[in-house]
Structures are given as structure tokens and as C-alpha cells.
Amino acid sequence: MPLTVLTGRTIAFLVAPEGAEQVELTVPWQAVAEAGGTPRLLSTRPGLVDAYRHLDLADAFPVDDVVGLAHPGAYDGLVLPGGVANPDFLRLDRAAVALVHQLTAAGRPVAVTGHGAWTLIEADAVRGRTLTSWPSIRTDLVNAGAYWVDEPVHVCRDGPGLLVSGRGPGDLPAFTEALVTEFAHARPAGGPHPPWAVAHEPLPSRHTAAEAERD
């Protein structure tokens with residue numbers, strides 16, 4: 001496949017301010033960039049995000065767009081890296097959950113790996129879909145209405161948009177290859193580039209404010 005297959009595509013990488021598994025962010029990011037795409041790092045607040053190598057603090061990365069100011073029409077696809085703490089934080093953020101819901105409902109292609117599917121569960125974006133993940137969240141996905149498979153990477157087309165899922169860091173070569181190939185065939189979003197203010201209609205969180213404070 002030509003190295004420019006994603007030219008003109010802007011791909012959102014959504015992570016929490018801390019807790020993302022670094023390799024699940026950097027390897028797909030590099031693959032998108034090498035394919036001619038424009039990756040942009042989204043988070044819930046401006047500044048830097050701290051990535052991790054499993055439980056150890058790794059590198060910091062600058063945020064390009066804040067979810068509360070990001071327009072879903074500006075992105076041609078969404079990547080959700082894993083890491084245990086990363087999606088656990090995101091699913092408590094109403095603006096992040098709303099943005100994921102808007103992108104998936106609009107049929108944007110989504111790629112998710114490891115524990116990242118927790119955020120899709122919160123956005124009610126896995127019901128009736130088939131995907132893989134880190135094995136420990138299998139029950140969560142099934143309880144949310146998904147069909148879980150134990151595969152290095154799985155591509156699901158039974159929904160508004162395609163869904164590429166991967167198990168974890170050990171399966172990143174297959175995951176990134178599928179991500180680039182499938183995103184290249186998806187319909188581009190078009191439209192202007194962010195940031196601009198957007199009045200998101202946040203989804204009701206599955207977690208209460210009291211639960212968030214206890215965490």
C-alpha cells in the first residue's frame with residue numbers, strides 16, 4: 001500500500017492526562033504519520049499528557065486539541081490507546097464520552113487497543129459489535145452487548161462505521177497494519193480544522209459524581 005494512503009486525513013488520538021500505555025500511543029501514531037495522515041493528540045485538558053510503560057512513568061506528549069473545544073467533524077478517524085488508568089479516567093469525563101459517541105454515531109472509523117474499549121463502552125458504542133481487547137475486560141464488553149473474540153486484531157463492519165480492535169502491545173504490528181489499511185478506505189470527514197467552541201450535549205455518565213470523588 002502506498003505511503004500516502006492517509007494524506008489529507010486527520011486522525012484523533014484520545015488519551016487521558018495520564019495513564020496511556022505509551023507504545024499503544026506512539027506506534028499507531030507513527031504508522032498514521034508515515035502513511036501521510038495528520039495525527040492529533042486530544043485530551044481533557046491542555047498541556048502535556050504523561051504516558052506509561054505498564055506501571056512506570058514514561059514520556060510526556062503535548063496536547064493538540066482539548067475535547068471540550070474539539071468539533072467531531074474535524075476528524076476523519078479516532079484511535080483509542082489502552083493502559084488501565086487511561087480509559088478509566090476518560091469514561092468519567094462527560095466531554096470525552098460525548099465526543100467518542102458523536103464520532104462513532106457519525107460513522108467515523110475507530111481503532112482501539114488494550115483496555116481502550118472501556119471508553120467505547122461508556123459511549124454506548126459496542127452494542128452489537130464484534131471486537132477483541134485485553135482479556136481482562138472481556139466480561140465488561142459482553143455485558144455491554146458486544147461479541148468478544150480472542151484474536152490479535154479484529155475488524156468489525158457491522159455498525160455505523162468500521163471498528164478495528166487489538167488485544168494489546170504484543171499485537172501492535174497487526175493492529176497498525178489493519179488501522180492504516182481500513183482507515184484509508186473509509187470516507188473522509190472533510191470540513192474545517194479545529195479548534196473552535198462547540199456546545200457538546202454530554203451523554204449521561206454511567207458513573208455518579210460521588211463515585212468520581214471516591215476514585
Peer 1: For Arg138, which residues count as a salt bridge (charged side-chain N to carboxylate O under 4.0 Å, His left out) partner, sequence neighbours excluded?
Peer 2: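 Expected list: none.
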Peer 1: Are side-chain heavy atoms of Pro17 and Asp50 found at a separation under 4.5 Å?
Peer 2: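 No, their side chains stay 4.5 Å or more apart.
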Peer 1: Determine which pairs satisfy side chain to side chain donor-acceptor pair (under 3.5 Å) with at least one residue from residues 21-31, sequence neighbours left out, and list them in order.
Peer 2: Gln22-Asp59, Gln30-Glu34
Peer 1: At what distance, to the nearest 0.5 angstrom, does CG of Leu120 lie from NE2 of His101?
Peer 2: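 Leu120 CG to His101 NE2: 12.0 Å, rounded to 0.5 Å.
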Peer 1: Roughly how far, to the nearest 0.5 Å, is CZ of Phe61 from CG of Leu41?
Peer 2: 8.5 Å
Peer 1: Of the non-hydrogen atoms in Ala144 and Val126, which two are nearest, and what is the gap between them?
Peer 2: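 For Ala144 and Val126, the tightest heavy-atom pair comes out as CB-CG2, 3.7 Å.
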Peer 1: Quick one: closest heavy-atom pair of Leu42 and Ala12, and the distance?
Peer 2: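 Residues Leu42 and Ala12, closest heavy atoms: CD1-CB, 3.8 Å.
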Peer 1: Any idea which heavy atoms bring Trp148 and Ser133 closest together, and the distance?
Peer 2: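 The answer is NE1-OG, 2.8 Å.
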Peer 1: Rounded to the nearest 0.5 Å, what separates atom CG in Leu6 from atom OG1 in Thr10?
Peer 2: 10.5 Å
Peer 1: Not counting sequence neighbours, which residues clear salt bridge (charged side-chain N to carboxylate O under 4.0 Å, His left out) with Asp150? List them please.
Peer 2: Arg167
Peer 1: Tell me whether Val23 is reachable from Tyr52 by hopping between hydrophobic residues (I, L, V, M, F, W, Y) whose side-chain heavy atoms are closer than 4.5 Å.
Peer 2: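 In one cluster with Tyr52: Val23, no.
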Peer 1: Looking only at non-hydrogen atoms, find the nearest pair between Ala146 and Leu131 and report the distance.
Peer 2: CB-CD2, 3.6 Å
Peer 1: Do Leu103 and Val110 have side chains that approach each other closer than 4.5 Å (heavy atoms only, starting at C-beta)?
Peer 2: no
Peer 1: In sequence, state the C-alpha distance, the side-chain angles, and the governing distance for Ile121 and Leu141, and then conclude on side chain to side chain contact (heavy atoms under 4.5 Å, CB included).
Peer 2: CA-CA 7 Å; Ile121 291 172; Leu141 286 164; 3.7 Å; yes
Peer 1: Holding to salt bridge (charged side-chain N to carboxylate O under 4.0 Å, His left out), I want the full list of residues that pass it with Glu18, two or more places apart in sequence or in another chain.
Peer 2: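 If we apply the salt bridge (charged side-chain N to carboxylate O under 4.0 Å, His left out) test to Glu18, skipping adjacent residues, there are no hits.
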Peer 1: Find out whether His115 and Ser136 are in side-chain contact, i.e. whether some heavy atom of one side chain is under 4.5 Å from a heavy atom of the other.
Peer 2: yes
Peer 1: Indicate if Phe13 and Val180 have the same hydrophobic cluster label, given that clusters are the connected sets of ILVMFWY residues with side-chain heavy-atom separations under 4.5 angstrom.
Peer 2: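 Yes, same cluster.
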Peer 1: Evaluate side chain to side chain contact (heavy atoms under 4.5 Å, CB included) for Val97 paired with Glu122, printing each intermediate quantity in order.
Peer 2: CA-CA 7 Å; Val97 173; Glu122 196 67 33; 3.6 Å; yes
Peer 1: Run the side chain to side chain contact (heavy atoms under 4.5 Å, CB included) check on Tyr75 and Asp65 step by step: do they pass?
Peer 2: CA-CA 11 Å; Tyr75 306 104; Asp65 302 323; 2.8 Å; yes
Peer 1: If we ignore hydrogens and angles and just use 3.5 Å, is the side chain of Thr132 paired with the main-chain N or O of His154 as donor and acceptor?
Peer 2: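 Not confirmed, Thr132 side chain does not pair with His154 backbone.
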Peer 1: Establish whether Val164 and Val5 are linked, either directly or via other cluster members, by ILVMFWY side-chain heavy-atom contacts under 4.5 Å.
Peer 2: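 Yes; tracing contacts between hydrophobic side chains, which count when under 4.5 Å, links both residues.
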Peer 1: Using residues 79-86 as the side-chain source, report each donor-acceptor pair under 3.5 Å to any protein atom, sequence neighbours left out, with the distance given to one decimal.
Peer 2:
{"from": "Asn86", "atom 1": "OD1", "to": "Ala16", "atom 2": "N", "distance (Å)": "2.7"}
{"from": "Asn86", "atom 1": "ND2", "to": "Pro81", "atom 2": "O", "distance (Å)": "3.1"}
{"from": "Asn86", "atom 1": "ND2", "to": "Gly82", "atom 2": "O", "distance (Å)": "3.2"}

Peer 1: Looking only at heavy atoms, what is the nearest atom pair of Leu14 and Ala96, with distance?
Peer 2: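 Taking Leu14 first and Ala96 second, the nearest heavy atoms are CD2-O, 4.3 Å.
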Peer 1: Counting C-beta onward and ignoring hydrogens, is there a side-chain heavy-atom pair between Trp118 and Ile137 closer than 4.5 Å?
Peer 2: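 A side-chain contact exists here, since the closest heavy-atom pair is under 4.5 Å.
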Peer 1: Hey, what do you get for CG (Asp64) to CZ (Arg40), rounding to the nearest 0.5 Å?
Peer 2: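 Interatomic distance, Asp64 CG to Arg40 CZ, rounded to 0.5 Å: 4.5 Å.
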Peer 1: How about Phe89 and Thr44: do any of their side-chain heavy atoms sit closer than 4.5 Å?
Peer 2: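 Yes, at least one pair of side-chain atoms sits under 4.5 Å.
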Peer 1: Name the residue from Arg157, Glu182, Arg129 that meets the side chain to side chain contact (heavy atoms under 4.5 Å, CB included) definition with Leu163.
Peer 2: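 Between Leu163 and the candidates, side chain to side chain contact (heavy atoms under 4.5 Å, CB included) is satisfied uniquely by Arg129.
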Peer 1: Linking I/L/V/M/F/W/Y whenever their side-chain heavy atoms sit closer than 4.5 Å, directly or via other members, would Leu48 and Leu90 fall into one cluster?
Peer 2: no
Peer 1: With the side chain counted from C-beta on, respond yes when Asp171 and Val153 share a heavy-atom pair under 4.5 Å apart, and no when they do not.
Peer 2: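 The answer is no, as the side chains (C-beta and beyond) never meet within the 4.5 Å cut-off.
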Peer 1: Taking all non-hydrogen atoms of both residues, which atom of Ser43 and which atom of Val49 are closest, and how far apart?
Peer 2: OG-CG1, 3.6 Å
Peer 1: Residues in side chain to side chain contact (heavy atoms under 4.5 Å, CB included) with Glu177, at least two apart?
Peer 2: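 Per chain and number, Glu177 pairs via side chain to side chain contact (heavy atoms under 4.5 Å, CB included) with Thr181.
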Peer 1: Between Trp134 and Val112, is there a shared hydrophobic cluster once you connect ILVMFWY residues whose side-chain heavy atoms come closer than 4.5 Å?
Peer 2: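 No, separate clusters.
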